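Reading through the structure tokens given below for one structure.
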Amino acid sequence: MEFSLTSEQSMMRDSARRMVERDIQPVLDAHPPDRPLPKEALLKIYAALAGQGLTAPRLPESAGGPGMSMLSYGLMFEQLPPVIAISVLAQECTIARIFAESTPAQKERFLPELIAGKKLCCTGTTEPDIGSDPRGVKTRVVAEGDDLVINGSKMWITNASVCDLINVTCAEKQPDGRSQMRRIVVERDRSPFAAREIETLGLRQGHLGEVVFDDCRVPKANALGAAGDAARLLTLTWNGNRPLLGLAAAGMAQKAFEAAVAYAGMRTQFGKAIGGFQLIQKNLADIETAIVTSRLTCYYALDAIDRGERTNGLSAMAKRYAMAACQEAISLAMHIHGAMGIGREVGLERLYRDARMLPIPDGTNEILALIQGREITGKDAFRS
Ligand SMILES: Cc1cc2nc3c(=O)[nH]c(=O)nc-3n(C[C@H](O)[C@H](O)[C@H](O)COP(=O)(O)OP(=O)(O)OC[C@H]3O[C@@H](n4cnc5c(N)ncnc54)[C@H](O)[C@@H]3O)c2cc1C
């Protein structure tokens, strides 16, 4: 067992840190913290992300990706500001899904500009009535001549309002009358659809939206994969996304920890720095413990993916654990700041709001517990 980073992994992590300082944070700071970034600003950031291989980390070099391990990707991902982390996860995961399900001609048509970060994309699975159980999607696709016609709506979709292309999970009726999931790529310039932003608690510089398809006509050549593969592919990508989101939470908790350590050394009460009080030291120790244990479980899950192991339980455990531990850690770091912690000036209330967004996408805590439970017992608690 080896717990230290290789020199290559350290370089990748440090290079991501420098990119954030040089190319991302200044763009975020130049825009209002509570409003979705304009698309041009986001595209500037995507140019930097593409330069580091972060728009297609799961693709091999032969397909235009960097051929990165999931663990190396995680080390870089952890450095990203949360609003960019969630956006690029939607982009690269959509690219990975299209890559896995498409023909060579479809890859050639859809992927190069997305990988270059010149166009933005997203995956639309969740609907107003369908969340944790995506097998029930109601958005319908039917063939009509040379086209496919899509009707339905998608909800809570990252990047929806700014995307050029959306990979939509639809229900397609099979000859035997049963419905199966099918992915259809909808290019916004050829097949316009309505999208609106949804206001949320956190990640407010990001884009989370609703999309409506009203007789949206798409060429038949935009249907991906064989009907039925979509559900399996969703699970495979979710297994990678879950520890990545756990690392985004760990990165946020790390920032809160650094602020709390600095404040504890500076703030005096009862004639001495509060960092000298035993109970403050215990709070700092709890925060550090949450960060280290979250990181280790997430790294472990990503490394297991790289080794080709089944990680359904491990990935679910990593995300659920990191979400709870890091949310608590950020809250404790705020508490160490007293009233300053809830003020807007120090930025902790923003981390707190942003962190609260993450336990929902890619499996809520309850769903993740049931997945882990199914791996432990071999019994499916979802369906009878
Ligand atoms: C920041 C963010 C980004 C997102 N990005 C995307 C995206 O890019 N694309 C996309 O398609 N979707 C996206 N989503 C949507 C997300 O995937 C769904 O919100 C999530 O799957 C949960 O669905 P729901 O909100 O409908 O909750 P529901 O499924 O209705 O769940 C409601 C509550 O019931 C609980 N619950 C459900 N089933 C069970 C059960 N069997 N046992 C116990 N409890 C249960 C849940 O845990 C939850 O607490 C995003 C959401 C957020 C917040």
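Note that these values count all heavy atoms, side chains included, but never hydrogens, waters or copies made by symmetry. As the structure lists them, so they are numbered: ligands from 1, and atoms in each ligand from 1. Quick note: residue numbers are just sequence positions, from 1. These figures come from a predicted structure and were not determined experimentally.
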Begin with the C-alpha distance, continue with both residues' side-chain angles, and end with the deciding distance and a verdict on salt bridge (charged side-chain N to carboxylate O under 4.0 Å, His left out) for D133 and R383.
-> CA-CA 11 Å; D133 185 10; R383 290 177 181 80; 2.5 Å; yes
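- Counting heavy atoms under 4.0 Å from ligand 1, residue I367 touches it through the side chain alone.
- Note that atom 15 (C) of ligand 1 has protein non-hydrogen atoms nearby, at separations under 4.0 angstrom.
- For atom 13 (C) of ligand 1, the closest heavy atom belonging to the protein is W156 O, 2.8 Å.
- Protein non-hydrogen atoms do reach within 4.0 Å of atom 49 (O) of ligand 1.
- Between the side chains of R374 and N312, no donor N or O sits under 3.5 Å from an acceptor N or O.
- No side-chain donor-acceptor contact under 3.5 Å links Q91 and T55.
- Atom 17 (O) of ligand 1 has its closest protein heavy atom at T126 OG1, 3.4 Å.
- There is a protein heavy atom less than 4.0 angstrom from atom 4 (C) of ligand 1.
- Counting heavy atoms only, I360 comes closest to atom 19 (O) of ligand 1 of the residues I157, I360, V137.
- With ligand atoms numbered from 1 in the order given, ligand 1 contributes 7 (C), 8 (O), 9 (N), 10 (C), 11 (O) to contacts under 4.0 Å with heavy atoms of T123.
- Using modelled atom types, one finds no donor on one side chain facing an acceptor on the other under 3.5 Å when comparing T94 with N167.
- Under the 6.0 Å distance and 45° angle rule, K107 counts as a cation-pi partner of F99.
- The proximity of L370 to ligand 1, defined as any non-hydrogen pair under 4.0 Å, is limited to the side chain.
- Between the side chains of S153 and E127, not a single donor N or O lies within less than 3.5 Å of an accepting N or O.
- Close approach of ligand 1 to E366 (heavy-atom distance below 4.0 Å) involves ligand atoms 43 (C), 44 (N), 46 (C), 47 (O), 49 (O).
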Does R13 form a salt bridge (charged side-chain N to carboxylate O under 4.0 Å, His left out) with E78? I'd like the steps, not just the answer.
CA-CA 9 Å; R13 181 199 57 191; E78 193 182 337; over 6 Å; no
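- R350 and Q205 form a side-chain donor-acceptor contact under 3.5 Å, judged by distance and modelled atom types alone.
- Taking each of P361, C163, G363, S132 in turn, the one with a heavy atom nearest to atom 27 (O) of ligand 1 proves to be S132.
- Of all protein heavy atoms, the one closest to atom 24 (P) of ligand 1 is G131 CA, 3.9 Å.
- Under the 3.5 Å distance criterion, with hydrogens and angles disregarded, a donor-acceptor pair is assigned to the side chains of E92 and Y73.
- Nearest protein heavy-atom contact of atom 46 (C) of ligand 1 is T364 OG1, 3.6 Å.
- The contact set between ligand 1 and T158, taken as ligand atoms under 4.0 Å from a residue heavy atom, comprises 3 (C), 4 (C), 5 (N), 6 (C), 7 (C), 8 (O).
- Residue contact check: L208 has heavy atoms under 4.0 Å from atoms 2 (C), 3 (C), 4 (C) of ligand 1.
- One side chain, S69 or S72, offers a donor N or O that lies under 3.5 Å from an acceptor on the other.
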